[in-house]
Amino acid sequence: QVQLVESGGGLVQPGGSLRLSCAASGFTLDYYVIGWFRQAPGKEREGVSCISSSDRSTYYADSVKGRFTISRDNAKNTVYLQMNSLKPEDTAVYYCATDLPPLRICPSLSYEYDYWGQGTQVTVSS
């Protein structure tokens with residue numbers, strides 16, 4: 001059974017940092033593209049970042065480029081999203097997602113994946 005579990009969210013002041021984790025079970029994450037998304041209240045879901053399985057290429061939305069970093073730890077079957085220089089507009093529920101059969105290369109950041117985690121809340125406020 002494919003399962004993704006996000007963690008690491010919380011309350012942080014503007015300019016602070018958080019590291020989100022996306023832990024996979026039921027499959028070997030190394031072979032799968034993983035996307036990170038977020039949804040703020042009253043707003044549409046936004047693709048934030050993606051990491052390919054084939055060459056570990058990474059992609060970012062313009063809104064987070066230079067501040068967020070996506071990475072993999074295959075030994076832990078986990079993908080991370082390191083978020084630095086956080087802004088109030090980064091406040092949202094963050095989700096990770098993947099697809100079956102597995103993709104090798106990241107699709108567009110608006111791609112509709114099949115499998116989603118439950119989300120973790122990130123709040124940036126003073």
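It should be emphasised that the depicted structure is a prediction, and the values quoted were computed from it without experimental measurement.
Crowding of Tyr115 atom OH: a count of heavy atoms from other residues, nucleotides or ligands under 6.0 Å not exceeding 12. Under a cut-off of 6.0 angstrom, the local environment of CD1 in Ile105 is sparse, with at most 12 non-hydrogen atoms contributed by other residues, nucleotides or ligands. In the displayed structure, Glu89 atom CD is contacted under 6.0 Å by more than 12 heavy atoms of other residues, nucleotides or ligands. Annotation for Lys43: atom NZ does not count as buried by contact number, only 12 or fewer foreign heavy atoms lying within 6.0 Å.
Figure legend: Arg38 and Tyr94 shown without cation-pi pairing, the cationic atom not lying both under 6.0 angstrom from the six-membered ring centre and within 45 degrees of its axis.
Rounding to the nearest 0.5 Å places CD of Gln82 at 8.5 Å from CG of Leu20. Interatomic distance, Trp36 CH2 to Cys22 SG, rounded to the nearest 0.5 Å: 5.0 Å. Rounding to the nearest 0.5 Å gives a distance of 11.5 Å between OG of Ser57 and CZ of Arg104. Here CG of Leu103 is found 9.0 Å from OG of Ser52. Values are rounded to the nearest 0.5 Å. The OH atom of Tyr95 lies 8.0 Å from the CD atom of Glu6; values are rounded to the nearest 0.5 Å. We find the CE-OG distance between Met83 and Ser49 to be 11.5 Å, quoted to the nearest 0.5 Å.
Close placement of the Tyr32 and Phe27 rings is indicated, their centers lying within 6.0 Å of each other.
Across every non-hydrogen atom of Val5 and Gln118, the tightest pair is CA-OE1, 3.7 Å. Scanning both residues, Ser63 and Glu46, for their nearest heavy atoms gives OG-OE2, 3.0 Å. The minimum heavy-atom distance between Val33 and Cys50, with the atom names listed, is CG1-SG, 3.4 Å. Ser126 approaches Pro14 most closely through the heavy-atom pair N-CD, 3.7 Å.
For the residue pair Ser25/Gln1, the side-chain donor-acceptor check at 3.5 Å is not satisfied. Of the N and O atoms on the side chains of Asp73 and Thr78, not one donor lies less than 3.5 Å from an acceptor on the other residue.
Looking only at side-chain heavy atoms (C-beta outward), Ile51 and Arg72 come within less than 4.5 Å of each other. Side-chain contact between Leu4 and Thr98: present, with at least one pair of heavy atoms (C-beta onward) separated by less than 4.5 Å. Contact of the Leu109 side chain with the Val48 side chain is not registered, since no non-hydrogen atoms from C-beta on lie closer than 4.5 Å. At least one side-chain heavy atom of Thr58 sits under 4.5 Å from a side-chain heavy atom of Tyr60. For the pair Leu18 and Val122, the minimum side-chain heavy-atom distance is below 4.5 Å. The side-chain heavy atoms of Gln13 and Val124, taken from C-beta on, include no pair separated by under 4.5 Å.
Ion pairing between Arg45 and Glu112 holds under the 4.0 Å rule for side-chain N and carboxylate O. Using a 4.0 Å cut-off between a side-chain N of Lys or Arg and a carboxylate O of Asp or Glu, Asp90 and Lys87 do not qualify as a salt bridge.
Between Phe37 and Tyr113, the ring planes are perpendicular. Angles over 60° get that label, and only those under 30° would be called parallel.
Side chain of Asp114 to main chain of Asp99: no donor-acceptor pair is present (N/O by atom type, distance under 3.5 Å, no hydrogens or angles). Within the 3.5 Å criterion, the main-chain N or O of Ser7 finds no donor-acceptor partner in the side chain of Ser21.
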Take Ser125 and Thr123 through the side chain to side chain donor-acceptor pair (under 3.5 Å) test and state the conclusion after the steps. CA-CA 6 Å; Ser125 175; Thr123 302; over 6 Å; no

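Grouping the Ile, Leu, Val, Met, Phe, Trp and Tyr side chains by contacts below 4.5 angstrom, directly or via other members, places Leu81 apart from Leu11.
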